Q: 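Take a look at the following structure, please.
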Amino acid sequence: MPELPEVETVRRGLAPVLEGQRLTRVLQRRPDLRFPFPDKFVERLTGRQVMSVDRRAKYLLVRLDDGQVLIGHLGMSGHVTIFEKDDVLPEPGAHDHVVFETDAGATVIFTDPRRFGFMDLARPGELDSHKMLAKLGPEPLSNAFNGPALAAALKGRNTPIKAALLDQRVVAGLGNIYVAEALFRSGISPRRKARTVQGGRAVRLAGRIRDVLLEAIEAGGSSLRDHRQTSGELGYFQHNFAVYGRAGDACPGCDCDLAKTGGIKQIVQSGRSTFYCAQRQR
DNA sequence: CTTTGGGCCTGGACGC
DNA sequence: TGCGTCCAGGCCCAAA
């Protein structure tokens, strides 16, 4: 489940392969992913030069020389595989949905078994008003995101802080995993009312969100260097989570009696699993 | 306005 | 072994 760090890792893998290159061939192997591909998707991409590969929240933004922007989302199971000029290409898999070739001879294959991902092509000037991007909150690694800004976004919100942090209008790019990890590091219970996360709590939470994302990006970057041909998901797999997926375990640094507390709790909030330590998160 | 819940999609884990 | 069931979850949308 690619969240911001995994998407950033993919971006870093793609940037040197695509930037400055021309897309000589684009293969679209089915009519839709989560949504239908836009009209004339292949025609509008073929021959274009890539100016930059950027990221906004969990979206990849491939800016083209004619002002169009290719928007990509990995969904749950999406990933990208990069092949250099002389690499041997595998037979196409059932879930390899889009293939890009550059004039430098690189091939980029987008694979997504569950098809929760999508691709769209914004026309020049229409990126900011795109339905998926228009309402996004601040980038958590930007200067716009800090304690006071987070406190303001949470003010008056009656939902649990867990649900509020998953709302991409509050902060853009967090998913179920990093919300759990950031709340653990902050000592804040996922069940706490969002509106009560103010002042010092909000400052601490904003800081821990930054920390955990930066650490995960760093882990993804190191794995990327080790596995030149693939990007995405690796950071996720190699990262050690303190609470996510660890129901019943003692949390790191915990000195309380596991037999008494039962360790890390797993509950369901708005239909999703939440993991936390009831002793250290209040 | 806010909040909640359904639906999309497939592979893997699990139970019988 | 083989089948059925459930779960994972990002995001939009409809409904309350």
Side-chain angles (χ1 to χ4, degrees), chain A residues 1-11 29-38 55-61 71-81 92-98 110-120 122 127 129-137 139-140 151-183 190-197 209 213 216 232-233 235-237 239 241 243-248 264-276:
Chain A
M1 15 222 113
E3 300 182 27
L4 186 153
E6 290 73 36
V7 179
E8 176 61 22
T9 298
V10 171
R11 188 198 71 76
R29 302 187 59 225
R30 54 174 297 130
D32 56 31
L33 295 171
R34 183 178 168 199
F35 306 118
F37 283 88
R55 177 190 57 74
R56 172 79 168 109
K58 301 170 193 171
Y59 300 91
L60 288 164
L61 305 178
I71 304 168
H73 195 287
L74 301 173
M76 269 280 295
S77 57
H79 61 275
V80 162
T81 313
H95 306 300
D96 296 340
H97 304 311
V98 187
F110 175 75
T111 308
D112 184 7
R114 288 176 216 184
R115 303 208 304 276
F116 266 37
F118 71 88
M119 286 190 191
D120 200 358
L127 182 69
S129 60
H130 191 276
K131 185 178 64 173
M132 308 297 277
L133 303 175
K135 294 177 180 172
L136 290 175
E139 281 292 317
L154 297 174
K155 194 178 175 193
R157 285 207 160 230
N158 224 14
T159 50
I161 184 67
K162 154 77 183 291
L165 292 177
L166 287 175
D167 186 336
Q168 304 295 299
R169 293 169 300 184
V170 170
V171 54
L174 298 183
N176 209 35
I177 294 171
Y178 292 106
V179 165
E181 297 297 308
L183 285 172
R191 309 170 67 164
R192 173 178 280 275
K193 294 269 191 190
R195 60 176 149 79
T196 71
V197 179
I209 288 171
L213 294 177
E233 296 197 83
Y236 160 71
F237 283 121
H239 202 65
F241 300 125
V243 290
Y244 183 84
R246 297 191 181 278
I264 292 163
K265 285 195 180 338
Q266 179 174 6
I267 61 173
V268 174
Q269 289 179 296
S270 40
R272 301 283 180 251
S273 286
T274 295
F275 300 88
Y276 73 111

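Proteins come first, then strands; the chains are lettered A, B, ... in the order of their sequence lines, and each starts at number 1. Remember, predicted model here, so these are calculated numbers, not experimental data.
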Q: Taking only N and O in the side chain of A/Q168, is any of them less than 4.0 Å away from OP1 or OP2 of C/dG10?
A: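 For C/dG10, OP1/OP2 do not have a side-chain N/O of A/Q168 under 4.0 Å.
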Q: Let me know the distance between CD of A/E3 and C1' of C/dC11, rounded to the nearest Å.
A: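 Taking CD of A/E3 and C1' of C/dC11, I get 13 Å after rounding.
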Q: Counting the atoms with a prime plus P, OP1 and OP2 as sugar-phosphate, which does A/D112 contact under 4.0 Å by heavy atoms, base, sugar-phosphate, or nothing?
A: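 Answer is nothing: A/D112 stays at 4.0 Å or more from every strand.
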Q: Would you say A/K58 places a side-chain N or O within less than 4.0 Å of OP1 or OP2 belonging to C/dC11?
A: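 Checking A/K58 against C/dC11: at least one side-chain N or O falls below 4.0 Å of OP1 or OP2.
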Q: Between C/dG10 and A/H73, is there an OP1 or OP2 to side-chain N/O distance shorter than 4.0 Å?
A: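 So the side chain of A/H73 is outside the cut-off, no N or O lying under 4.0 Å from OP1 or OP2 of C/dG10.
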Q: In whole angstrom, what separates A/R34's CZ from C/dG10's C1'?
A: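 Rounding to the nearest Å, CZ of A/R34 and C1' of C/dG10 are 7 Å apart.
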Q: Do any side-chain nitrogens or oxygens of A/Y59 fall under 4.0 Å of OP1 or OP2 in C/dC11?
A: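 It does, given that an N or O in the side chain of A/Y59 lies less than 4.0 Å from OP1 or OP2 of C/dC11.
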Q: From CZ of A/R114 over to C1' of C/dC11, roughly how many Å is that when rounded to an integer?
A: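 These atoms are roughly 16 Å apart.
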Q: Carefully, step by step, assess A/R114 and A/D112 under the rule salt bridge (Lys or Arg N to Asp or Glu O under 4.0 Å).
A: CA-CA 6 Å; A/R114 288 176 216 184; A/D112 184 7; over 6 Å; no
Q: Any idea which heavy atoms bring A/E3 and A/I177 closest together, and the distance?
A: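 The answer is OE2-N, 2.9 Å.
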Q: Given atom CZ of A/F35 and atom P of C/dC12, what is their separation to the nearest angstrom?
A: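 Value for this atom pair: 7 Å.
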Q: For A/S270, answer base if it contacts any base atom (sugar-phosphate contacts may also be present), sugar-phosphate if it contacts only those atoms, and nothing otherwise; contact means non-hydrogen atoms under 4.0 Å.
A: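 The answer is nothing, as A/S270 stays clear of every strand by at least 4.0 Å.
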Q: Checking salt bridge (Lys or Arg N to Asp or Glu O under 4.0 Å) for the pair A/D167/A/R157: CA distance, chi angles, key distance, verdict?
A: CA-CA 11 Å; A/D167 186 336; A/R157 285 207 160 230; 3.0 Å; yes
Q: Considering the options A/F37, A/F110, A/F35, which one meets the ring-ring contact (aromatic ring centres under 6.0 Å, His included) requirement together with A/F118?
A: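 Output: one option passes, namely A/F35.
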Q: Would you say that more than 12 heavy atoms from the other residues, nucleotides or ligands in this model lie under 6.0 Å from the CZ of A/R192, or not?
A: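 Yes, enclosed.
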Q: Between A/R169 and A/D32, just flag the one whose closest nucleotide in DNA chain B comes earlier from the 5' side.
A: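 Nearer the 5' end of the strand: A/R169.
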Q: Rounded to whole angstroms, how far apart are CG on A/L174 and C1' on C/dC11?
A: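 Taking atom C1' of C/dC11 as the reference, CG of A/L174 is at 15 Å.
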Q: Chain A on DNA chain B: first and last contacting nucleotide, 5' to 3', under 4.0 Å to a heavy atom?
A: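 First and last nucleotides in contact are B/dT3 to B/dG11.
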Q: In this structure, how many angstroms lie between the P atom of C/dC11 and the CG atom of A/D120, rounded?
A: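 Those two atoms, CG and P, are 15 Å apart.
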Q: Using the side chain to side chain donor-acceptor pair (under 3.5 Å) rule, pick out the option among A/R272, A/Q269, A/K162 that qualifies with A/N176.
A: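 It is A/K162, the one option of A/R272, A/Q269, A/K162 that forms the side chain to side chain donor-acceptor pair (under 3.5 Å) with A/N176.
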Q: With nearest nucleotides of DNA chain C determined for A/K131 and A/G271 from heavy-atom distances, which residue corresponds to the more 5′ nucleotide?
A: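 Whichever sits nearer the 5' end wins; that is A/G271.
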Q: Side-chain donor or acceptor of A/R272 under 3.5 Å from a matching atom on the base of C/dA8?
A: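 Not at all, since no donor on one side and acceptor on the other fall under 3.5 Å apart.
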Q: When you check the gap from the basic side-chain N to the acidic O, do A/E139 and A/R56 get nearer than 4.0 Å?
A: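 Salt bridge flag = yes for A/R56 with A/E139.
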Q: How many whole angstroms separate atom CZ of A/F118 from atom P of C/dC13?
A: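 So the two atoms are 11 Å apart, to the nearest Å.
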Q: Rounded off to whole Å, could you give me the CG-to-C1' distance for the A/L133 and C/dG10 pair?
A: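 So the two atoms are 14 Å apart, to the nearest Å.
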